[in-house]
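All of these numbers come straight from a predicted model, not from anything done at the bench. These values consider heavy atoms only, across backbone and side chains, with no hydrogens, waters or symmetry-generated copies. Just follow the structure's listing: the first ligand is 1, and inside any ligand the first atom is 1.
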Amino acid sequence: MTTRVHDFNISVAEILGQPGHHRDLHLEAPLNGVGTTLAHLEEKPLRADLRAESVVEGILITGNLEGSTILECARCLKEFRASVDLDVCELFLAPGAEPEDQEAYRISGTDIDLEPMLRDAVTLSLPLNPLCEEDCKGMCARCGRDLNLGACDCTEDTTDPRWAELDALRDRLSG
Ligand SMILES: [Zn+2]
Ligand SMILES: [Zn+2]
């Protein structure tokens, strides 16, 4: 049986301390404010199918997350959407369990707050350099034209290293 939940705080009272027992959860809740400079999760509910499994050390959470992200192309700055689909497998230590790892997720009483773990998992999955297309040509550094739409008149200038040197000099003088 799968329990539908709309809250990141789940109770594991029924299975805690009973290794071998599990609970299946279908979670749908918005996870706001997750993102990096060029990528963030859309403000729509994140969907997760998770199994909470009682093990000797605590509760093991495994399953799959689905959501959608808004990305900004690192080359041309165009916005585009992409889906997130990732698997998680994280142990939540029972209260009183030896803190082998200070960073470990923990069960508080008989409750698990899934939000920090989901936040970490999504953040780590976001691309550092999103590209709208593998071969996105980017923007002209001089005139700002989207080079995917065709070359601009100053393209040759920017590829000449002597101009780059002059630009750097001018930046230093004006800065
Ligand atoms: Zn692009
Ligand atoms: Zn240009």
Side-chain angles (χ1 to χ4, degrees), residues 2 4-10 24-52 60-92 101-106 112-175:
T2 300
R4 296 180 73 86
V5 285
H6 296 279
D7 188 343
F8 294 114
N9 239 309
I10 59 161
D24 287 326
L25 303 164
H26 178 77
L27 173 72
E28 266 186 49
L31 190 64
N32 295 327
V34 175
T36 58
T37 321
L38 297 176
H40 61 271
L41 200 60
E42 226 178 321
E43 300 206 352
K44 287 202 307 199
L46 180 79
R47 292 175 306 282
D49 281 299
L50 303 172
R51 168 164 289 191
L60 185 68
I61 301 284
T62 53
N64 176 264
L65 312 183
E66 272 179 41
S68 50
T69 53
I70 299 177
L71 307 173
E72 197 178 320
C73 176
R75 289 190 195 145
C76 73
L77 307 182
K78 200 164 18 189
E79 273 198 353
F80 63 101
R81 286 183 158 73
S83 56
V84 175
D85 187 337
L86 63 129
D87 293 331
V88 288
C89 177
E90 292 292 345
L91 177 67
F92 285 73
D101 176 2
Q102 297 289 342
E103 306 278 287
Y105 301 111
R106 297 195 160 268
I112 286 182
D113 181 8
L114 293 169
E115 188 172 342
M117 183 270 279
L118 297 175
R119 219 167 248 285
D120 292 349
V122 172
T123 307
L124 285 174
S125 77
L126 295 173
L128 289 174
N129 272 311
L131 293 179
C132 63
E133 302 283 350
E134 276 300 315
D135 60 348
C136 171
K137 293 186 177 67
M139 253 171 29
C140 170
R142 181 159 300 194
C143 71
R145 180 180 165 90
D146 181 350
L147 298 176
N148 296 307
L149 305 174
C152 58
D153 295 332
C154 49
T155 304
E156 277 171 34
D157 292 348
T158 54
T159 54
D160 187 331
R162 285 170 299 174
W163 282 100
E165 266 174 45
L166 277 177
D167 279 348
L169 183 65
R170 191 163 42 217
D171 284 346
R172 269 207 300 282
L173 293 176
S174 66

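Annotation: angle subtended at the Zn ion (ligand 2) by C140 SG and C152 SG is 110°, to 10°. The Zn ion (ligand 1) lies at the vertex of an angle of 110° between the SG atom of C76 and the SG atom of C136 (rounded to 10°). The Zn ion (ligand 2) is the vertex of the angle joining SG of C154 and SG of C143, which measures 120° to the nearest 10°. The angle subtended at the Zn ion (ligand 1) by SG of C73 and SG of C132 is 110°, given to the nearest 10°.
Residue P30 comes nearest to F8 through the heavy atom pair O-CE1, 3.5 Å, listed as atom of the first residue, atom of the second, then distance. Nearest heavy-atom pair across E28 and P45 is C-CB, 4.4 Å.
Neither side chain, N9 nor D7, offers a donor N or O lying under 3.5 Å from an acceptor on the other.
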Pair E133, N148 - check side chain to side chain contact (heavy atoms under 4.5 Å, CB included), show working. CA-CA 10 Å; E133 302 283 350; N148 296 307; over 6 Å; no

